[in-house]
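Structure record follows, encoded as C-alpha cells.
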Amino acid sequence: MRKKIRLEQFTCPSCTNKIEKAVGNLKGVNSLEVGFNTSTVVVEFDENIISLKNIERVIKDLGFVIK
Amino acid sequence: MLLNKKWVPFIISLILRIFLYGTIYAKIAHILTGLYYASMFSLQSIKNLKYKIVGIDLLITIAVFGALIIGEYWEMASVTFLYLFGNELEKQALYKTNERLRDMMKLVPTNLRLENNELVSIEEIDIGTKIKVLQGEIIPVDGLIVTGDSTIDESSITGESLPIYKSINDFVYMGTIVKEGFIIVETSAIEEDTIYGQILDLIETAQNRKSNFQRTIDKFSQYYTPFVIILSFIAFIILKDIHIALSLLVVSCPGALVIAIPIASSIALGNAAKSNILIKGIDVLESLNTMQTIAFDKTGTLTKNELKVIKVIAYKKNEEEILNIAASIESHSEHPIANAIVKQFQNYNYKCENLEFIAGKGIIAYINDKKYIVGQESLFSFEVEHYSNTTVYVGDDNEIFGIILLSDTIREDAKNVISDLSSFNIMMLTGDNYDSAVEVGNYIGISNIKSRLLPEEKLQIIRDSENIIMVGDGINDSPSLMESDIGISMGGSENRVAMETSDVILMDKNLKSIPKLIKLAKKTKHVMIQNMSIAILTALVLFAGVLDSKINLSIGMLVHELSILAVIINANRLRW
C-alpha cells in the first residue's frame with residue numbers, strides 16, 4: 001500500500017534524515033520518500049505487517065505534526 | 001509569528017546583560033532563558049535517541065548544558081534563542097516558497113453534494129456515484145455530465161482562461177469551476193486518480209526529485225556531521241579546550257550546504273508552475289543548460305492546427321456568393337474544413353436539400369432545386385486548377401464557380417520566439433508536405449526544414465542528434481518527445497500519455513514559455529553556484545574560526561543561521 005502523509009512545514013533538511021532513519025527502519029516499510037521541499041512522506045508498506053496508524057505514530061513521536 | 005511572546009525572556013535577558021552585567025540577577029535570567037528555550041527541543045532530541053537519531057537539536061542540547069556546566073550562562077541563552085529564532089525565520093521563508101502548490105491544493109475539494117443535495121465527504125463516494133455541482137463551485141471529481149450544461153473554467157487544467165461550454169456526455173475535470181447553471185456528473189475518477197490529482201502529483205514529485213549533484217552533497221553532509229562531532233571530542237580530550245569542543249558541536253550541521261540546492265529548485269519549479277510550465281524535476285532544468293538543438297513539430301506546435309480561409313477565387317458569381325453557398329452546405333458537416341468555412345461566413349442563408357455526404361471528399365446538395373458540389377477536386381469529372389494549399393472547390397457537374405483556399409494559422413508569438421532562440425540550432429520536423437512547411441518556415445524564420453516525415457523518420461532524426469530538445473504535441477509526437485533529451489509538450493496536461501512522455505508540459509500552449517524556460521534554467525544554475533559558494537565559505541569560516549578560538553558558541557550559531565537565511569533569500573531571486 002502506498003500512502004502520502006503531509007506534515008507541517010519542515011524547517012531544516014535534517015528533518016528528512018530523522019524520518020528516513022526512524023520510519024525506514026520499521027518492519028513492513030518497503031520504500032520511503034521524504035520530500036523536503038513539499039514536507040511530505042510517501043511511504044509504501046505491507047499493511048499485514050504494519051498499519052498506517054503505527055507509521056504516523058512514529059512520525060509524531062519524532063516531534064512532527066501531521067496535517 | 002516573529003512577534004511572539006516566547007521571545008520576551010531573551011529580551012529581558014539581554015536588557016539585564018547590558019544594565020546589570022555580571023550580577024547574580026543577570027546570571028539567573030540567562031540560565032532561566034536558556035533552560036526555557038532548551039525545553040522546547042532538548043527533551044524531544046533525547047527521546048529521538050531511541051530511534052538512534054542524532055540531530056542538530058541533540059548537539060545543541062549538549063552544547064547548552066555544557067555551557068551551563070562551565071558557567072557560560074549568556075551563551076546558553078543566546079545559542080538557544082538564535083537556534084529557535086532562526087528556525088522560525090526559515091520556516092516562514094520556506095513556507096512562502098510553496099505558495100503555488102498550496103494554492104493548487106485549495107482546488108482539491110473535501111466535501112461534495114450528491115444528486116439529492118445531501119453533503120458528503122469525498123471518502124464516502126465511489127466510481128459511478130452521481131454528484132451535483134452548482135454555479136461557482138469546483139467540480140470535485142473527474143466524470144461525464146449526465147444532466148445539465150454550463151460554461152466551465154478549465155484554466156486549472158489547460159491554462160486556457162476563456163471558459164468553455166459543456167453539456168451532456170462531455171467530460172469534466174476535477175479542479176475546474178462551473179460558471180453558471182448546474183450539472184450532475186457521473187464520477188469516473190476521484191482524488192489522486194483524477195487528471196488534476198496527477199498534475200499535483202507531478203509538481204510534488206518534481207519538487208522532491210534530486211539531481212546527482214544534490215545526492216553528492218547529501219552524502220557529503222552525512223559524513224560531515226559525525227566528522228565534526230569526533231573532532232569536537234578530540235578537541236575536548238587532547239586540547240582540553242571545552243569551549244572549542246562545544247562551539248564545534250553548534251556549527252557541525254552544514255545547514256546552508258544541505259539547503260542551498262533544494263531551495264533554489266523548489267522556487268524555480270514553483271515559479272514555472274505558476275506560469276503554467278510543468279517541469280518534471282530539477283534535473284530537467286539542469287540539462288536544459290547543455291542543449292544545442294531545438295526541433296519543432298509544425299502542426300499544432302508552431303501552428304494552432306486551426307484552418308482559416310485565406311483566399312477565395314471566384315470564376316463565376318462573386319466571392320460572397322461562393323462563400324455563402326459553401327458555408328450553407330458545409331454547415332451540415334462537422335469536418336474541420338467545413339467548420340473553418342462556416343466560421344468565415346456565419347451569415348450563410350441558403351436552404352439546402354437532398355444532401356449527399358461523400359466521405360472524406362465533400363458534399364453534394366441542392367439549393368433552390370439547383371445542384372451544387374462542394375469539396376475536393378476528385379469530386380469533379382473534369383480537369384480543375386490545382387493549388388498546394390488545402391482547397392475546397394465549389395461547382396456543379398459542368399463547371400467550377402469558385403475555389404476556397406485554406407491554411408493553418410501560425411501562432412502569433414512563433415516568429416518572436418524563434419528569433420529569441422537564435423543561439424540554438426533550430427529545425428522543423430513535419431509530416432506535412434514541403435510547400436506548406438516552407439510557407440510556415442519562411443514566415444517565422446526557420447530554414448532547416450524536414451518535411452513529409454513518417455513518425456519513425458522523425459524519431460531517427462531525434463536519435464541521431466545530440467543534446468536535442470523536441471517541442472511537439474503530447475499525443476502524436478509522444479515517441480519523439482520520449483526519445484529526445486528533453487521533450488516539451490504543447491498542452492496535454494489533460495492527457496496522461498503526454499504527462500508521462502514529456503519532461504516539460506506547457507499547459508497553456510504558449511510558445512513564449514520556451515525562451516522563458518531557457519532563461520530560468522540559466523538563472524537557476526547561477527543561483528545554485530552562488531548558494532553553494534555561500535554555504536562552503538560559511539562552513540570554512542566557522543570551522544577555522546572555532547578552531548582558532550575566534551568564534552564562540554553564540555557567534556557560531558548566529559553565522560550558521562544567517563548563512564541559511566542568505567541562501568533562502570538568494571534563491572528567492574528566482575521568482576519572476
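Within every chain, numbering begins at 1; the chains are lettered A, B, ... in the order of the sequence lines, protein sequences first and strands thereafter.
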For B/Glu90, is it the side chain, the backbone, both or neither that has a heavy atom under 4.5 Å from a heavy atom of chain A? side chain

Engaged part of B/Lys47 at the chain A interface, taking heavy atoms whose separation is under 4.5 Å: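 Just its side chain gets close to chain A.
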
Between B/Asn208 and A/Asn37, which heavy-atom pair has the shortest distance, and what is it?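 In this case the closest contact between B/Asn208 and A/Asn37 is OD1-N, 3.5 Å.
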
What are the two closest non-hydrogen atoms of A/Thr40 and B/Glu204, and how far apart are they?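 Heavy atoms only, the tightest pair is CG2-OE2, 3.7 Å.
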
Assess whether atom [atom1] of [X] is packed by more than 12 heavy atoms of other residues, nucleotides or ligands within 6.0 Å.
X	atom1	result
A/Glu44	CD	yes
B/Arg215	CZ	yes
A/Lys4	NZ	yes

Option among B/Ile259, B/Val258, B/Ile263 that satisfies the side chain to side chain contact (heavy atoms under 4.5 Å, CB included) test with A/Phe36: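 The passing option is B/Ile259.
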
Taking atom CG of B/Asn48 and atom NZ of A/Lys21, what is their separation to the nearest 0.5 Å? 11.0 Å

Reported OG1-to-CD distance for the pair B/Thr205 and A/Glu33, which is rounded to 0.5 angstrom: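 Between B/Thr205 OG1 and A/Glu33 CD, I get 7.5 Å after rounding to 0.5 Å.
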
Please list, in residue-number order, every residue in residues 50-64 of chain B that has a heavy atom less than 4.5 Å from any heavy atom of chain A; write 'none' if there are none.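 Within residues 50-64 of chain B, the residues under 4.5 Å from chain A are B/Lys50, B/Tyr51, B/Lys52, B/Ile53, B/Gly55, B/Ile56, B/Asp57.
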
Leading residue by heavy atom contact count with chain B [cutoff under 4.5 Å; candidates A/Asn25, A/Val58, A/Val34]: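 Sorted descending by pairs with chain B, the first entry is A/Val58.
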
Top of B/Asn87, B/Ile203, B/Ile564 for chain A proximity - count of heavy-atom pairs under 4.5 angstrom: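 Answer, by heavy-atom pair count under 4.5 Å with chain A: B/Asn87.
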
